[in-house]
Novice: 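Dropping the structure in here first, questions after.
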Amino acid sequence: MSATPPEPVPAGVPTPQPAVNTRQQLYRDMSPLNLTPLWEVLHALVPPQPATPCAAALWRYDEVRPFLMRAGEAITAEEAVRRVLILENPALRGQSAVTQSLYAGLQLILPGEVAPSHRHTQSALRFIVEGAGAYTAVDGERTTMRPGDFIITPSWTWHDHGNDASEPVVWLDGLDIPMIRFLDAGFAQNDTRKSQTVTRAEGTSLARYGHNMAPVRGDAPYGLTSPIFSYPYERSREALHQLERDAPIDAWDGVKLRYINPATGGSPMPTMATFMQRLPAGFDGKPWRQTDGAVYSVVEGHGEVLVQHGEQTRRFTFGPRDHFVIPSWHTASFRSATGCVLFSYSDRPVHQALGIHQEERLS
Ligand code: GTQ
């Protein structure tokens, strides 16, 4: 800020200190004590509405895939520990973040490879994008991956990934890494074993918790996280198609369902909510905005999303395996001529736990 020169004052009248100079001097003098005035930043600290630095962005799979395959030649899954290309928000480069609170990446595992066992306090979701037959192991149980499956790695559980199939497998990693970093609550350990020992048959967790039934005793084995590791696409797809056929279509969301932790009815992970939605052919959705920024993975079909914020409007056309992010309080609407299916995740459970979640459905 430039100080205005003092006005000439008649003799005999005490000179008032120009306020700006007084303030600038105050700021300089107290700065060594790590003191700074609130009134210079108050408007930015408590903005009239969310003012996210994130930008809406789209990653086309046909542009990303060649780099994933090059990564497959550049480093093994074992050496990389996790061979992932991070989807960085273009307005948050260098922060490994897709929104202020969420991380997104595309992980590649080639036939015969293993991504070694480790655990961390960050929660992870896997959404299978390409290829089938790789597995992820959690707490002694392996889950085979198929496109469209939603798989969970609960906080602080040992997990390793492997590919016993004959094709490359790619999935979207959604983690709460930036949130845990913000809280300075991240812990991690490497396992002494490369792959954990299988102690339970595949499908045990789904059989126990995935049929609207639960064990009579001991039913929160992963604390706040769902005891189901894998939510197969087959089932979500069938539900969406039946609802498209037989139930009213929501003017904003088409047919949209949220995944649940069957033990609580809440989100599958304490920090992340996940959704699957179908936009029927000819859908021309109304606009909405919400405080939870969300990451989308296109499962099937084509469509377009219009994202508007202030003076900025972005229109993204998308197809299968593309990914995009709609930041907090950006107004978005969907269209699809031929129909499509979208998976998404956001930090909504945290907004809800704090009682600050807001959504507006516009017309
Ligand atoms: O698979 O454990 O994309 O720890 C980032 C951090 C994946 C994983 C990521 C991780 C993982």
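FYI, the numbering just counts along the sequence from 1. Any value given below was found using the heavy atoms of this structure, including those in side chains, with hydrogens, waters and symmetry copies removed. Since the model is a prediction, treat every value here as computed from it, not as a measurement. Whatever order the structure lists them in is the order used to number ligands and atoms, beginning at 1.
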Novice: Checking side-chain contact (heavy atoms from CB on, under 4.5 Å) against Tyr296, which of Leu58, Val305, Ile326 comes through?
Specialist: Ile326

Novice: Given His118, Gln107, Arg119, identify the one with the heavy atom nearest to atom 2 (O) of ligand 1.
Specialist: His118

Novice: Of all the atoms in ligand 1, which lie at a distance below 4.0 Å from a heavy atom belonging to Val84?
Specialist: 3 (O)

Novice: Looking only at the side chains, is there a donor atom on one of His351 and Thr291 sitting less than 3.5 Å from an acceptor on the other?
Specialist: yes

Novice: Looking just at side-chain N and O atoms, do Gln122 and Tyr103 make a donor-acceptor pair shorter than 3.5 Å?
Specialist: no

Novice: Salt bridge check, Glu202 against Arg142: does any charged N sit closer than 4.0 Å to a carboxylate O?
Specialist: no

Novice: When Arg83 is tested against each of Glu78, His161, Glu113, Gln107 for side chain to side chain donor-acceptor pair (under 3.5 Å), which residue passes?
Specialist: Glu113

Novice: Have a look at His161, His120, Arg126, His159 and point out the one with the heavy atom closest to atom 4 (O) of ligand 1.
Specialist: His120

Novice: Just let me know how Gln122 lines up against ligand 1, side chain, backbone, both or neither, with a heavy-atom cut-off below 4.0 Å.
Specialist: neither

Novice: Nearest protein heavy-atom contact for atom 11 (C) of ligand 1: which residue, which atom, what distance?
Specialist: Arg82 CG, 3.7 Å

Novice: Check the orientation of His159 and His118. Use parallel for under 30°, tilted for 30 to 60°, and perpendicular for over 60°.
Specialist: perpendicular

Novice: Can you tell me the protein heavy atom closest to atom 5 (C) of ligand 1 and the distance?
Specialist: Tyr103 OH, 3.5 Å

Novice: Among protein heavy atoms, which lies nearest atom 6 (C) of ligand 1, and at what distance?
Specialist: Leu175 CD2, 4.0 Å

Novice: Tell me: protein heavy atom nearest atom 7 (C) of ligand 1, and distance?
Specialist: Asp173 OD2, 3.2 Å

